[in-house]
Amino acid sequence: QVQLVESGGGSVQAGGSLRLSCAASGYSYNRYCMGWFRQTPGKERERVASIGSDGGTTYADSVHSRFTISRDNIKKTLYLEMNSLKPEDTAMYYCAAVPSTPEYCYTAYNQAQYVYWGQGTQVTVSS
């Protein structure tokens, strides 16, 4: 049974930093494409960043150069380092997983492309 558990959310002032973690269990983690998504009330869930089994990464334009996604295949943990946070980064953040080739992960921009989801962790950025 696949389980994803996020942690690390919280409240921070604009310009600050947070590091989110997603602990995975129940599957061959290193063969999966992993992603971070975020959602605010009334809006669709949007992809923030993805990382393939080969370590290749892609980012949404809105977070590029501020956020860094990484993975530790031994600890089966996904990370999202968020710097220079803005009020518009306020959202519930979710990690997601799908078994895939690295090539597929490079184009896995849509939430429908992911199979497994965590429960989310709230990030609030105040101005």
Side-chain angles (χ1 to χ4, degrees):
Q1 183 174 347
V2 176
Q3 285 193 320
L4 301 173
V5 179
E6 302 95 335
S7 62
S11 296
V12 64
Q13 289 195 327
S17 299
L18 282 174
R19 188 193 197 201
L20 305 185
S21 298
C22 173
S25 62
Y27 65 103
S28 299
Y29 175 81
N30 59 334
R31 298 179 183 179
Y32 278 57
C33 170
M34 303 295 298
W36 284 102
F37 284 73
R38 65 187 182 186
Q39 188 173 25
T40 54
K43 291 190 175 181
E44 285 195 5
R45 197 169 292 188
E46 67 168 349
R47 189 194 68 106
V48 174
S50 303
I51 184 167
S53 57
D54 64 343
T57 59
T58 57
Y59 295 90
D61 290 343
S62 59
V63 306
H64 200 275
S65 80
R66 298 188 299 122
F67 291 10
T68 302
I69 188 172
S70 62
R71 64 192 295 165
D72 185 326
N73 288 340
I74 295 176
K75 294 182 178 179
K76 293 189 175 183
T77 302
L78 179 71
Y79 302 100
L80 185 68
E81 186 76 35
M82 305 186 294
N83 298 313
S84 302
L85 282 161
K86 305 175 181 180
E88 51 263 44
D89 294 319
T90 295
M92 184 71 77
Y93 283 71
Y94 300 88
C95 71
V98 58
S100 81
T101 62
E103 292 74 20
Y104 178 87
C105 198
Y106 281 118
T107 60
Y109 301 147
N110 194 292
Q111 61 174 323
Q113 294 176 270
Y114 291 79
V115 176
Y116 304 107
W117 292 86
Q119 294 300 306
T121 185
Q122 177 68 37
V123 171
T124 302
V125 184
S126 58
S127 57

Output yes when a side-chain donor or acceptor of T77 lies under 3.5 Å from a complementary backbone atom of K75, and no otherwise.
yes
Return the set of residues passing salt bridge (charged side-chain N to carboxylate O under 4.0 Å, His left out) with R38 (not counting sequence neighbours), or none when no residue passes.
E46, D89
Distance col, row K86:NZ vs S126:OG, nearest 0.5 angstrom, shows 15.5 Å
Do Y104 and Y106 land in one hydrophobic cluster if side-chain heavy atoms of ILVMFWY residues count as linked below 4.5 Å?
no
Do I69 and Y59 come close enough that some side-chain heavy atom pair is under 4.5 Å?
yes
If two hydrophobic side chains count as joined below 4.5 Å and joins carry through other members, does L78 share a cluster with V5?
no
Any heavy-atom pair between the side chains of W36 and R47 that's under 4.5 Å?
no
Would you compute the distance between atom CG of L85 and atom OG of S11 and round it to the nearest 0.5 angstrom?
11.5 Å
Is the count of non-hydrogen atoms from other residues, nucleotides or ligands lying under 6.0 Å from Q122 atom CD greater than 12?
yes
How long is the straight-line distance from CD of E81 back to OG of S21, given to the nearest 0.5 Å?
9.5 Å
Would a distance-only check, ignoring hydrogens and angles, find a side-chain to backbone donor-acceptor pair under 3.5 Å from E6 to G120?
yes
Assess the side chains of N83 and S17: does a donor N or O sit below 3.5 Å from an acceptor N or O?
yes
Heavy-atom distance under 4.5 Å between the side chains of V123 and L18, does that happen here?
yes
Paired with C33, the side-chain contact (heavy atoms from CB on, under 4.5 Å) test is passed by just one of D54, V98, I51, T101, namely V98
Should L20 and M82 count as side-chain neighbours, where that means a heavy-atom distance under 4.5 Å?
yes
Kindly indicate whether the side chain of F37, heavy atoms from C-beta on, has any atom under 4.5 Å from the side chain of M92.
no
hydrophobic_cluster_shared for V48 and V115, side chain cutoff 4.5 Å
yes
If only atom types and distance count, is the side chain of T90 paired as donor or acceptor with the main-chain N or O of V125 below 3.5 Å?
yes
side-chain hydrogen bond (donor to acceptor under 3.5 Å, both in side chains) with E88: which residues, sequence neighbours excluded?
none
Roughly how far, to the nearest 0.5 Å, is the CD atom of Q113 from the OG atom of S50?
8.5 Å
Sequence neighbours excluded - ring pair (Phe, Tyr, Trp, His ring centres under 6.0 Å) pairs with any residue from residues 67-103
none
Validation row: Y114, M34 side chains within 4.5 angstrom (heavy atoms):
no
For L4 versus A24, what's the shortest heavy-atom pair and its separation?
CD2-CB, 3.7 Å
Under a 4.5 Å cut-off applied to non-hydrogen side-chain atoms, are R31 and P99 in contact?
no
Could you pull out the closest heavy-atom pair between T40 and A91, with the gap in Å?
CG2-CB, 3.7 Å
Does one side chain, of S53 or R71, offer a donor that lies under 3.5 Å from an acceptor on the other?
no
